[in-house]
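All figures in this text were calculated on a predicted structure; none of them were measured in a lab. These numbers come from the heavy atoms of this one structure, side chains and all, not from hydrogens, waters or symmetry mates.
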Amino acid sequence: MSEAERSDVSGSELDAVSDHPLSVSNVEKRFGGVVAVDGASFSVERGTITGLIGPNGAGKSTTFNLITGVYTPDSGNIVFEGEEITGLGPNGVANRGLVRTFQIARELSEMTVLENMLLAFKGQLGESLWRSVTPIARREVVAEERELLERVWEILELFEIDHLAHERAGALSGGQRKLLELSRALLTDPEMLLLDEPMAGVNPSLEKKLLERIHELREEGYTFLLVEHDMDVIMDNCEHVIVMHQGRVLSEGTPAEIQADERVIEAYLGGEV
Amino acid sequence: MEIEAVRGRVSGLSWEQRFGLLLVAGVVVMILDVIRRLAVGELAFTTLSTFLWRGLVDGLLIGLAAVGLSMTYSILRFANFSHGDLVTTGAFTGWTTAWVIGGVGVTDIGTRLLINADGSSSARELDLQIFAEPLAIVGGLIVAAIGTILIALAIDRLVYRRMRTAGGIPLLIASVGVALALRYVIVFFYGERTRGVVRSSPRLEHPAIFWTESIVVHQFVLVVSAVILIVGLHLLLQYTKLGKAMRAMADNRDLALVTGIPTERVILATWVIGAGLTGVAGYLIVLEQETLNFNTGWFLLLLIFAAVILGGIGSIYGAITGGLIIGVADNLMLVWISGDLTRVAAFLLMILILIFRPQGLFGGVETA
Amino acid sequence: MSDEPSDRDDASGEPEDGSPTDGGVDSGDPSADDSLTDRFAALPRWQSDLLLIVATVLGVYVFIAGLGLVTGLGFGGVTRTLRTVTFLAAAYALVVLALNLHWGYTGLFNIGVAGFMAVGAYTMAIATADIDPGATGTPGLGLPVPVGIVLGMVAAGLVGLIVVLPALRIRADYFAIVTLAFAEVIRLLITSGALREFEVLGRELGTGGGAGINFARLDTVVPSWILYRGGTIEQGTNLFGRQLLTVTNALGIERTLVENWLYTLTLVLLVAAVFWLLVRTGNSPFGRVLKAIREDELATKSLGKNTDLVKIKVFVLGCAIMGLAGIVWQGRNGYVDPNAFLPIVTFYIFIALIIGGSGSNTGSVIGAFVFIGLLFEGPPYVQRIVRQNVDLPRPDTVYDGVVALGGLDPLPLLGYVVGQLPNIRFILFGAILIGLMIYRPDGLLGHRNEPASPIDLRRERPPTAGPSSSARADGGESDE
């Protein structure tokens with residue numbers, strides 16, 4: 001993609017990059033007078049499932065939106081695979097290989113599951129208008145579409161939602177939509193996936209299935225960052241946990257370390273009172 | 001060095017702020033140019049005062065009509081494209097009443113009921129002006145408000161109430177349907193003819209009190225009625241429970257619902273106040289321009305929208321201020337451009353504000 | 001196939017939704033019963049769509065012709081009406097298709113359609129008007145008609161670009177007001193005295209202000225290209241023209257009538273071409289991005305799509321087609337004036353689109369025909385027929401009618417109503433819009449989801465139907 005740019009980075013930094021594809025440093029975001037994220041810094045290790053937790057209003061969602069380009073930070077920067085991605089916008093960030101899912105699944109409800117999935121592929125020939133309408137060029141588009149369909153079926157079968165292929169995405173259950181979103185995100189050929197509360201509104205049996213998939217994918221080399229409210233999910237599945245509180249990173253460590261951290265317990269209790 | 005510093009400061013601004021700066025700069029340049037023209041004698045002081053006075057009159061009318069549009073926009077959450085036809089409704093109901101009262105013994109009831117649809121009479125024959133027929137003119141004003149309120153409520157019941165959960169765009173489209181149906185129901189009864197319905201205003205010569213040489217009495221009536229209504233509206237919003245509920249709902253509808261504000265009652269009040277003021281505006285517009293046509297309100301719709309957007313959608317004081325700005329600007333622009341382009345300027349300003357400052361010139365909805 | 005049901009169960013495992021079966025699609029198989037609707041559903045998409053369009057057009061024609069002939073309007077009157085309906089419906093179909101691309105596909109709520117049509121028509125008029133039109137006319141560039149048409153489309157597209165660039169990120173209802181205001185700005189500028197005549201690079205040009213400007217008679221120019229050598233009648237007929245005119249002469253049809261029908265038919269072919277273009281645009285990966293933007297722009301961006309660029313492309317393309325529609329629509333008048341582009345024209349187009357169902361190209365064409373044939377031309381047509389057959393009184397006002405009704409004579413009121421039919425249709429338009437929004441927001445044809453892919457996805461099946469699903473389940477477990 002951008003070997004030239006990457007080679008600019010000096011040797012030691014390159015090592016850091018290869019270990020930690022995503023690093024966020026001193027990111028700040030204010031809305032009017034409210035400081036939502038107040039100088040948060042952390043990085044995510046390659047090939048891990050990293051959890052981002054914190055009490056309500058800690059700034060997790062805003063951080064997520066800052067990383068994925070929905071918001072532009074007021075200061076600070078975000079680096080992904082050695083390249084600055086601050087202010088690139090959602091499509092720019094996604095095209096670098098950092099792809100997200102949403103807390104409330106944002107399936108494209110009037111489109112079928114197949115159409116949802118086919119949308120995900122990057123750089124499709126047929127996304128150019130003239131190629132789609134010109135008679136001869138369109139043949140390539142059709143041929144490409146057939147290839148893409150094969151991959152779609154593979155993934156749909158892997159996620160066991162192939163029988164829903166012709167359904168309107170809006171007619172799916174909450175859990176099925178989460179599966180659809182995750183599988184759709186996979187088809188963009190990402191390097192890293194950001195999952196915003198992937199288990200919210202998912203029933204237990206499907207939750208198990210989703211987690212199995214995530215672990216399988218982790219073993220294939222994908223990196224995950226997930227925001228999750230369900231502590232059990234975080235503690236059972238993440239190698240590394242980042243705790244945010246009042247817009248800053250309060251603590252970091254393994255699940256065991258986090259569970260023993262007084263400050264974390266205090267922050268959560270304080271939030272509940 | 002200093003230029004660098006300024007450049008640095010400007011580049012640090014958001015688009016919104018830059019746009020605001022540009023706007024202020026433009027206004028300052030225009031004011032300076034007006035002063036220059038006055039000094040050089042290119043612009044007579046009486047001409048300027050006429051522009052400003054007419055701007056005030058137009059602005060109050062647009063502002064009155066804009067209040068209703070702004071309220072429905074923020075509380076019912078859609079751009080009501082039938083609002084212009086509520087203006088027309090006010091004009092027709094009001095002037096029908098004025099003719100029915102003012103034409104007693106002059107012409108037959110058929111002609112009066114349809115505001116001279118058959119062209120057999122005239123405003124001159126009825127001598128319809130404030131000194132000769134005060135009862136007719138004031139009666140018309142009251143009925144304009146009541147008639148418009150009743151029709152707006154009927155429309156809400158028939159159409160919008162069934163669509164409370166629909167999105168802004170389906171409601172907008174439905175309102176276009178309402179606009180067409182309402183306008184052509186009026187045409188069905190009153191016909192398409194543009195007619196003079198009121199006599200030219202009598203004038204009072206009182207150069208000592210006002211800066212103009214004479215006052216046009218109808219305009220005076222208009223300004224006084226508008227100001228009374230605006231003050232009344234202010235009192236209602238600030239000092240009654242209903243007013244507080246309405247402001248709460250304009251601010252945050254979802255929160256208002258949770259806190260137990262009776263939504264339907266607020267919506268009812270919105271229509272009553274909004275449509276009442278709009279109907280009066282329609283009636284007064286005709287009092288000033290002396291003619292009436294079924295398109296009267298529709299042609300004003302976009303200007304009313306401009307006022308609402310200028311003032312910030314949902315803000316009632318903003319709507320009135322926006323109306324005044326549009327009214328004054330529409331007239332004052334005549335200093336620089338010809339009359340058939342002033343509206344172009346107003347619409348372009350509205351477009352720029354929608355793009356760069358969608359919350360309006362004065363911020364958000366917090367002022368109610 | 002036997003594995004299918006079990007597959008269904010283990011995949012979702014969710015009782016709440018059951019499985020919203022895809023059986024509806026399955027039952028389209030040949031074994032299904034042979035009721036008409038089933039057979040219709042089993043047709044390939046393009047065939048069933050074509051059938052729908054043809055059936056609608058024929059239905060409208062039969063209605064008009066039947067009503068006319070039964071009530072004694074005569075053959076000439078009926079054909080004249082049919083030609084007007086075909087011409088207007090074709091012109092509307094063009095612009096409805098373009099609006100469908102904007103709103104139906106991409107969700108760009110453009111209510112400034114009349115403005116873009118005006119830009120197309122006026123650019124064409126200024127480009128082709130005589131350089132030296134004499135004392136009364138407005139001077140133009142004197143370019144050939146085809147150049148004018150292309151320039152008109154380009155200008156409409158460029159104006160579209162100017163509108164859409166700053167407006168990419170604003171809310172749908174603000175976008176609506178911006179486009180409407182822009183259309184009004186265009187109309188007011190055209191009307192204004194300032195642009196009535198102006199000079200560009202030393203050449204006199206102008207819009208003609210409120211009086212309008214001469215416009216090439218496309219309904220004679222275009223048939224001339226088809227019938228005559230060099231496009232002018234003086235050089236005699238070409239091969240096709242000679243043959244055609246021989247046949248029509250034998251049938252006793254006047255040449256002007258032939259020319260008029262040729263223009264109308266050219267328009268129909270143009271509609272077919274644009275339809276084809278837009279169906280291809282829609283049924284492609286590009287069209288898929290459009291639909292995705294309509295559904296949820298942020299989600300689309302989050303999949304890496306440059307939605308801004310796509311929106312710009314679509315808006316410009318649609319505006320160019322609107323410009324073209326404005327040109328061919330005005331091609332029958334010999335002049336064009338600003339009153340042809342009042343905002344209400346935009347709302348006619350919206351009504352047509354909503355009747356057919358936004359999001360559907362087929363629906364756009366059907367909507368245009370139904371709107372023009374039945375709603376727009378219908379009431380005046382009925383009025384003509386009634387007046388030709390019944391001698392109704394024509395009272396001046398509704399009051400006179402009501403008074404007569406009080407005297408137990410309903411005829412004057414009836415006569416008034418008939419006289420008002422052209423106005424009553426607007427009430428009807430309004431009622432239809434309201435009714436559709438309340439009861440059938442998806443349009444008369446109901447919900448139609450046109451496939452956003454170059455291949456018919458409805459017929460796609462998983463490559464590995466049965467056995468692999470169990471193997472896959474094993475694979476999944478063995479990992480744990």
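Ranked by non-hydrogen atom pairs under 4.5 Å with chain C, the options B/Leu158, B/Leu341, B/Val344, B/Leu171 are led by B/Val344. Contact tally against chain C (heavy-atom pairs below 4.5 Å) for B/Leu302, B/Leu182, B/Asp118: the top residue is B/Leu302. For the set C/Val402, C/Asp396, C/Thr191, C/Ile434, the entry with the most heavy-atom pairs within less than 4.5 Å of chain B is C/Ile434.
B/Tyr190 is not listed as a side-chain neighbour of C/Val398, based on a closest heavy-atom distance of 4.5 Å or more.
Against chain B, the residues from residues 420-430 of chain C that qualify, each with a non-hydrogen atom under 4.5 angstrom away, are C/Gln420, C/Asn423, C/Ile424, C/Phe426, C/Ile427, C/Phe429, C/Gly430 in number order. Scanning residues 105-118 of chain C against chain B with a 4.5 Å non-hydrogen threshold yields C/Phe109, C/Ile111, sorted by number.
Nearest heavy-atom pair, B/Asp340 versus C/Gly193, reported as atom, atom and distance to 0.1 Å: OD2-N, 2.7 Å. In this structure, C/Tyr416 and B/Phe189 approach most closely via the heavy-atom pair OH-O, 4.0 Å. Closest approach of C/Thr397 and B/Ala117 over heavy atoms only: CG2-CB, 3.8 Å. When all heavy atoms are compared, the tightest approach of B/Pro358 to C/Tyr174 is CB-CE2, 3.4 Å.
Looking at B/Ile309, B/Ile351, B/Leu172 one by one, the single match for side chain to side chain contact (heavy atoms under 4.5 Å, CB included) with C/Ile177 turns out to be B/Ile309.
Of the atoms belonging to C/Leu436, not a single heavy atom falls under 4.5 Å from chain B. Contacts of B/Ile355 with chain C are made by both backbone and side-chain atoms, with heavy-atom separations under 4.5 Å. Looking at B/Phe356, there are no atoms closer than 4.5 Å to chain C (heavy atoms on both sides), in backbone or side chain. Using a 4.5 Å cut-off between heavy atoms, C/Pro166 touches chain B through backbone and side chain atoms alike. Heavy atoms of C/Ile351 lying under 4.5 Å from chain B belong exclusively to its side chain. Both the backbone and the side chain of B/Ile173 come within contact range of chain C, judged by heavy atoms closer than 4.5 Å.
Counting non-hydrogen atoms of neighbouring residues, nucleotides and ligands closer than 6.0 angstrom, the CZ atom of B/Arg193 exceeds 12 such neighbours. Applying the 6.0 Å contact sphere to CZ of C/Arg394 captures no more than 12 heavy atoms from other residues, nucleotides or ligands.
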*Begin with the C-alpha distance, continue with both residues' side-chain angles, and end with the deciding distance and a verdict on side-chain contact (heavy atoms from CB on, under 4.5 Å) for B/Phe347 and C/Leu188.*
CA-CA 10 Å; B/Phe347 292 163; C/Leu188 291 170; 3.8 Å; yes

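Looking at C/Asp173 and B/Tyr73, their side chains do bring a donor and an acceptor atom within 3.5 Å of each other.
Rounding to the nearest 0.5 angstrom, the gap separating the CD1 atom in B/Ile313 from the CZ atom in C/Arg171 is 6.0 Å.
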